[in-house]
Novice: 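Okay, here's the structure, questions in a sec.
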Number of protein chains: 2
Amino acid sequence: MKKNKKNILNKALELFNDFGYTSVSIRQIASEIGISHSNLIYHYKTKNDIAIALHQELLVKALELNKTTIHNPNFIESLFDSTKKGFEILYQYRFLMIDFNSILRENEKLKQIILEVENIRATMYRNAINQAVKQGYMREREYDNEYDSLILTIKIFSDSWISSSEIYETIPSQEIIEKYSSLFVKLFFPFLTEKGKKVFLLMLDRESA
Amino acid sequence: MKKNKKNILNKALELFNDFGYTSVSIRQIASEIGISHSNLIYHYKTKNDIAIALHQELLVKALELNKTTIHNPNFIESLFDSTKKGFEILYQYRFLMIDFNSILRENEKLKQIILEVENIRATMYRNAINQAVKQGYMREREYDNEYDSLILTIKIFSDSWISSSEIYETIPSQEIIEKYSSLFVKLFFPFLTEKGKKVFLLMLDRESA
DNA sequence: GTAATTTTAGACCAAATGTACTAAAAAAAT
DNA sequence: ATTTTTTTAGTACATTTGGTCTAAAATTAC
């Protein structure tokens with residue numbers, strides 16, 4: 001029965017997001033959806049397997065997003081758009097970001113998956129930046145590896161904005177996503193050309209309207 | 001006996017850093033230093049109290065650092081210098097950053113302390129930036145709240161570089177600290193004036209030499 | 001309709017954890 | 001020297017957790 005497996009994932013996601021991955025037990029998840037814990041174990045041997053399955057869901061959604069937004073030739077517009085949508089997806093699976101380290105510490109398999117994904121993501125950003133430079137949206141680098149640093153900063157930001165918002169923010173989820181996706185795109189602003197900055201500020205206006 | 005209390009903190013810090021806050025138990029800490037767990041509880045009622053005490057140590061060291069570096073009129077130089085030293089201190093207490101959310105979730109007291117400290121830190125950066133603009137090291141803002149965004153980014157970065165490095169890096173601690181403090185200061189580069197950029201690149205050279 | 005399989009629940013186990021309580025040992029105060 | 005206070009160890013308890021095993025129930029295949 002696929003329905004039960006899906007139920008498990010849905011409830012696990014809900015509980016992980018609300019109470020943190022580590023403090024939710026297999027038994028809790030099972031009890032919440034009204035099945036025995038041994039039944040849950042039958043479907044997912046360990047909590048780690050649930051985490052991997054949920055991460056898989058996240059990947060599928062991210063790939064879908066990628067497909068639809070890859071064909072926008074306007075760098076700035078595409079940046080605003082895909083960031084917002086990407087952050088929404090990430091936020092749905094926020095427990096993965098909030099308990100990043102403790103999850104990966106005891107889940108070598110998921111760690112390997114994430115390392116691979118991370119490489120792909122970095123390459124994507126590198127290509128996007130190269131293209132943006134060619135198209136005259138971003139300026140040339142002003143010192144060695146300047147854009148490698150930017151990419152690394154992007155990685156850190158992407159992995160941790162949710163964690164940070166969890167601590168410091170009291171505003172509703174939707175506003176959090178808007179605030180931090182807006183903050184993310186601003187990482188690019190000082191690297192833009194005059195042409196790029198014009199489009200950027202236009203998008204910023206459109207956003208706040 | 002103060003010695004035993006200090007032993008507890010030292011060993012707790014070591015274990016927390018190595019294995020993660022959540023997975024280390026009071027009994028483990030006690031056993032490692034050869035005392036009974038009930039004795040440890042006598043000194044620190046809960047693990048939360050140990051975390052608070054360790055965070056207090058961190059605060060003391062950070063305040064000391066602040067005292068010594070506050071009087072450097074050269075913004076760029078002071079930025080490089082205090083970042084490196086600050087990151088070294090943070091790294092000593094890295095479990096606090098790695099398990100940020102799970103610690104604060106069940107330690108309301110520590111959370112309040114951290115929120116206060118965070119405000120102080122933000123104000124410090126705001127003042128430093130204002131001064132840097134006045135001194136001609138940083139340019140004026142180019143859109144509303146541009147530097148508020150920078151400060152927020154700084155906050156996120158400061159709280160999460162250790163967590164990120166823990167996942168992605170295999171290099172030794174000292175190199176991690178150097179890499180990420182270098183990355184941190186680069187957040188400022190694109191906001192610098194020509195004058196500022198010159199000094200910055202000079203410092204960068206001096207660093208890599 | 002019967003056999004095979006998949007799914008489910010329940011009982012049981014061993015290990016770990018926080019916590020409380022008691023009493024002995026050590027140190028300090030008088 | 002003896003009292004008082006502080007520090008320490010030991011024990012015991014209830015709870016939780018992941019995990020195994022067995023058998024019943026439900027579903028699917030033939």
Side-chain angles (χ1 to χ4, degrees), chain A residues 1-55 95-96 98-99 101-111, chain B residues 1-55 95-96 98-99 101-111:
Chain A
M1 278 283 121
K2 272 187 177 168
K3 200 184 148 204
N4 234 353
K5 261 190 127 169
K6 188 63 191 148
N7 276 345
I8 293 171
L9 288 188
N10 287 344
K11 183 55 77 176
L13 178 60
E14 184 192 325
L15 293 176
F16 290 165
N17 280 341
D18 285 354
F19 305 109
Y21 179 75
T22 45
S23 55
V24 173
S25 70
I26 280 182
R27 284 175 133 96
Q28 274 176 55
I29 303 167
S31 133
E32 286 262 344
I33 54 179
I35 64 172
S36 67
H37 77 282
S38 34
N39 189 9
L40 194 155
I41 287 176
Y42 172 77
H43 289 294
Y44 296 100
K45 284 228 162 31
T46 68
K47 224 166 66 169
N48 280 349
D49 294 320
I50 300 179
I52 290 174
L54 287 170
H55 182 261
F95 82 94
L96 284 169
I98 293 169
D99 295 318
N101 294 74
S102 46
I103 293 175
L104 297 194
R105 218 193 305 261
E106 50 180 37
N107 195 335
E108 189 55 34
K109 199 173 159 190
L110 184 53
K111 183 169 177 179
Chain B
M1 280 279 125
K2 271 191 177 166
K3 201 184 148 203
N4 236 351
K5 260 190 130 170
K6 187 65 191 147
N7 276 345
I8 293 171
L9 288 187
N10 287 344
K11 182 55 78 176
L13 178 60
E14 184 191 325
L15 293 176
F16 290 165
N17 280 342
D18 285 352
F19 305 109
Y21 179 75
T22 46
S23 55
V24 173
S25 70
I26 282 183
R27 283 174 135 98
Q28 274 175 55
I29 302 167
S31 133
E32 286 262 343
I33 54 180
I35 63 172
S36 67
H37 72 281
S38 33
N39 188 9
L40 195 155
I41 288 175
Y42 172 77
H43 289 294
Y44 296 100
K45 283 227 162 35
T46 70
K47 225 166 66 170
N48 279 349
D49 294 320
I50 300 180
I52 290 174
L54 286 170
H55 182 261
F95 83 95
L96 284 169
I98 293 169
D99 296 318
N101 294 74
S102 47
I103 294 175
L104 297 195
R105 219 194 304 262
E106 50 182 37
N107 195 333
E108 189 56 33
K109 199 173 159 191
L110 184 53
K111 183 168 177 178

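Note on naming: letters A, B, ... go to the chains in the order of the sequence lines (proteins, then strands), and numbering restarts at 1 for each one. Heavy-atom basis, side chains included; hydrogens, waters and symmetry copies ignored. What you see is a predicted model, and the numbers here were worked out from it, not measured in a lab.
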Novice: Roughly how far, to the nearest 0.5 Å, is CG of A:Leu54 from OH of A:Tyr44?
Specialist: 7.5 Å

Novice: Give the rounded distance in Å between these two atoms: NZ of B:Lys6 and C1' of D:dT7.
Specialist: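 Whole-Å distance recorded here is 20 Å.
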
Novice: Mind calculating the distance between CD1 (A:Ile29) and P (D:dT17) to the nearest angstrom?
Specialist: 11 Å

Novice: Nearest to the A:Thr46 side chain among C:dA9, C:dT8, D:dG19, which nucleotide is it?
Specialist: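 Within the option list, the nearest is D:dG19.
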
Novice: Which whole-number value in Å describes the distance from B:Ile41 CD1 to D:dC13 C1'?
Specialist: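 One finds 14 Å between C1' of D:dC13 and CD1 of B:Ile41, rounded.
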
Novice: Any non-hydrogen side-chain atom of A:Asn10 less than 4.5 Å from a side-chain atom of A:Ile33?
Specialist: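 A:Asn10 vs A:Ile33: side chains apart.
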
Novice: Relative to the 5' end of DNA chain C, which residue comes earlier, A:Arg27 or A:Tyr42, by the nucleotide with the nearest heavy atom?
Specialist: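 Nearest-nucleotide comparison on DNA chain C picks A:Tyr42.
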
Novice: Closest nucleotide of DNA chain C for A:Ser36 versus for B:Ser23: which of these residues is on the 5' side?
Specialist: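 Result: A:Ser36.
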
Novice: Let me know the distance between NZ of B:Lys47 and P of C:dT17, rounded to the nearest Å.
Specialist: 9 Å

Novice: Can you tell whether the side chains of B:Asp99 and A:Arg105 come within less than 4.0 Å, N to carboxylate O?
Specialist: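 Salt bridge flag = yes for A:Arg105 with B:Asp99.
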
Novice: Between B:Asn4 and D:dT7, does any side-chain N or O lie under 4.0 Å from OP1 or OP2?
Specialist: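 For D:dT7, OP1/OP2 do not have a side-chain N/O of B:Asn4 under 4.0 Å.
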
Novice: For D:dT7, take OP1 and OP2 only and decide whether either is under 4.0 Å from a side-chain N or O of B:Asn39.
Specialist: no

Novice: Out of D:dT17, C:dT17, D:dT11, which nucleotide sits closest to the side chain of B:Ser25?
Specialist: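 Nearest nucleotide to the side chain: C:dT17.
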
Novice: With a non-hydrogen cut-off below 4.0 angstrom, is B:Ile26 in contact with a base, only sugar-phosphate, or nothing?
Specialist: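 Sugar-phosphate: the residue B:Ile26, judged by heavy atoms under 4.0 Å, touches backbone atoms but no base.
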
Novice: Between atom CG in B:Leu40 and atom P in C:dA20, what is the gap in whole Å?
Specialist: 15 Å

Novice: Out of D:dT20, C:dT19, C:dT8, which nucleotide sits closest to the side chain of A:His43?
Specialist: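 Closest nucleotide among those given: C:dT8.
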
Novice: Please determine whether a side-chain nitrogen or oxygen atom of A:Gln28 lies at a distance below 4.0 Å from atom OP1 or OP2 of D:dT17.
Specialist: yes

Novice: Using 4.0 Å as the upper bound for N to carboxylate O, is an ion pair formed by A:Glu14 and A:Lys11?
Specialist: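 The answer is yes: the pair qualifies as a salt bridge.
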
Novice: What distance do A:His43 atom NE2 and A:Asp49 atom CG have between them, rounded to the nearest 0.5 Å?
Specialist: 13.0 Å

Novice: Which part of the nucleic acid does A:Ser38 contact within heavy-atom distance under 4.0 Å: base, sugar-phosphate only, or nothing?
Specialist: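 Touches a base.
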
Novice: So, under a plain 3.5 Å distance rule, would you say the side chain of A:His37 forms a donor-acceptor pair with the base of D:dG19?
Specialist: yes

Novice: CD1 of B:Ile50 versus P of C:dG18: gap in Å, rounded?
Specialist: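 It works out to 10 Å between those atoms.
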
Novice: Would you kindly give the OH-to-C1' distance between B:Tyr21 and C:dT17, to the nearest whole Å?
Specialist: 14 Å

Novice: For the pair made of CD1 in A:Ile33 and C1' in C:dT8, what is the distance, rounded to whole Å?
Specialist: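 These atoms are roughly 12 Å apart.
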
